[in-house]
Amino acid sequence: MNDFTKDFAQALFNPDKINDLLRKELQQAVNNLLEAELTAFLGYDPYARNGWNTGNSRNGAYFRKVDTQFGPIEVQVPRDRNGQFHQHTLPDYKQHSDILESMIIKLYSKGVTTREIADLSEKMYGSHYSPAQVSNISKQMIPKVEAYHKRKLSDKFFCVYLDATYLPLRRETFEREAVYIAIGIKPNGHKEVIDYCIAPSENIEVWTEMLQNMRFRGLMEIESDLLVFYNYPKQIRASIYSTSMIKSFNNVIKRKAKPKAEFPTEQSLDAFIGIQAMSYNDRYFNRIHKGFGQVQDTLESYFD
């Protein structure tokens, strides 16, 4: 009779003791299975000589609580140094993963670095993500950013502000590259980051190409005279003659980008700015710019 059989026999007439015994046995079994999974993945046992210089190794574990019919168990999910191991013993909690990945994307958009996000997710949720995995999760935004660049634009903007700011981007060498940004106000007073693009420096050719692309996507009518706002209703003059609106957006981008030091690729910089632009548009979707609500009908008539 082994130890488990003896313990089970002693607990046979006490349901609480049986549950506790089965919970402990299940916890040990799950931890053994997880360790066996990692061993099979790496191809060598712990401390085995044939595991030396293989390019990957064990890297501790993180703890996770799992609810079972016998009560909660605490398991140690082993990790590999390259962050490539994915266990299959425990069920995949998709909802938990979705919430965590949404949190990762949100933190990334706030300027938190991938390494800081990886550390934070483990401390808060007990889920280990390597900086590379965090980066891959943030790439989920790339299709949305691409759709943002291709979306059909409103055909009327009452005024459009153009400005460029500089952010660090690593190509062959480390450089600060120009981010061209266009923000507009529609006749109904709604503000929108119309589009942006990235180029090594600011020049008229890039601005021309960007404006032509905006026209191709539907934006047909803008007031072209820089001093034309003197002809507009006095209710909106004070709120449109200043460039503080686009300057404020640029400052938000630079502040959130500062912790990152530099962006490793143009795609990563594009995704980061795209997240900021879409967030701005969502935030101001139903907000009316100062003074526009009082004269909306008059402003619409400028496009008749």
Side-chain angles (χ1 to χ4, degrees), residues 1-12 15-108 112-142 264-265 268:
M1 183 178 290
N2 59 32
D3 291 339
F4 174 76
T5 306
K6 291 179 182 177
D7 292 340
F8 187 80
Q10 293 174 0
L12 189 59
D16 291 336
K17 288 186 177 181
I18 290 178
N19 279 349
D20 186 57
L21 176 64
L22 293 175
R23 182 185 59 79
K24 290 179 180 178
E25 288 296 320
L26 178 62
Q27 178 173 288
Q28 185 61 51
V30 169
N31 284 321
N32 290 344
L33 283 171
L34 288 169
E35 186 59 41
E37 266 201 272
L38 180 60
T39 295
F41 174 79
L42 292 175
Y44 61 89
D45 293 324
Y47 312 111
R49 293 178 62 88
N50 62 345
W52 294 1
N53 301 318
T54 59
N56 201 359
S57 60
R58 288 169 169 78
N59 189 32
Y62 66 89
F63 292 88
R64 173 175 163 183
K65 285 189 176 180
V66 178
D67 290 327
T68 74
Q69 61 178 317
F70 307 113
I73 62 173
E74 188 174 77
V75 298
Q76 300 181 49
V77 182
R79 303 179 301 200
D80 67 315
R81 192 160 299 279
N82 293 347
Q84 299 171 336
F85 171 66
H86 300 285
Q87 61 84 22
H88 300 284
T89 298
L90 299 175
D92 178 28
Y93 292 99
K94 189 176 187 300
Q95 183 179 8
H96 171 80
S97 298
D98 288 347
I99 293 173
L100 183 55
E101 291 184 5
S102 296
M103 183 273 293
I104 287 173
I105 291 172
K106 189 168 185 178
L107 288 175
Y108 182 82
V112 183
T113 66
T114 54
R115 187 167 297 280
E116 289 171 335
I117 294 173
D119 292 341
L120 188 61
S121 66
E122 183 167 6
K123 290 176 182 176
M124 291 177 64
Y125 297 96
S127 298
H128 175 73
Y129 285 93
S130 69
Q133 288 173 311
V134 171
S135 179
N136 287 335
I137 290 172
S138 66
K139 288 179 181 178
Q140 294 177 13
M141 292 301 297
I142 291 176
T265 64
S268 65

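- Here the CD atom belonging to Gln76 is positioned 10.5 Å from the CG atom belonging to Asn32, to the nearest 0.5 angstrom.
- Distance CG/Asp80 to NE2/His86: 8.0 Å, rounded to 0.5 Å.
- Here Leu33 pairs with Thr89 under the side chain to side chain contact (heavy atoms under 4.5 Å, CB included) rule; sequence neighbours left out.
- Residue Tyr44 holds its OH atom at 14.0 Å from CZ of Arg49, rounded to the nearest 0.5 Å.
- When the side chain to side chain contact (heavy atoms under 4.5 Å, CB included) test is applied to Asp45, the partners found at least two apart in sequence or on another chain are Thr39, Ala48.
- Contact check for Tyr62 versus Arg79: side-chain heavy atoms found under the 4.5 Å cut-off.
- Between the CZ atom of Phe63 and the CG atom of Asn31 there is a distance of 8.5 Å, given to the nearest 0.5 Å.
- A distance of 3.5 Å separates CG in Asn82 from CG in Asn56, rounded to the nearest 0.5 Å.
- Using a 4.5 Å heavy-atom cutoff, the side chains of Glu74 and Gln27 are in contact.
- Remark: Arg58 fails to qualify as a cation-pi partner of Tyr47 under the 6.0 Å distance and 45° angle criteria applied to the six-membered ring.
- Each of Glu35, Gln87, Glu37 was compared with Val77 under the side chain to side chain contact (heavy atoms under 4.5 Å, CB included) criterion, and only Gln87 meets it.
- Closest approach of Ala61 and Pro78 over heavy atoms only: CB-CA, 3.8 Å.
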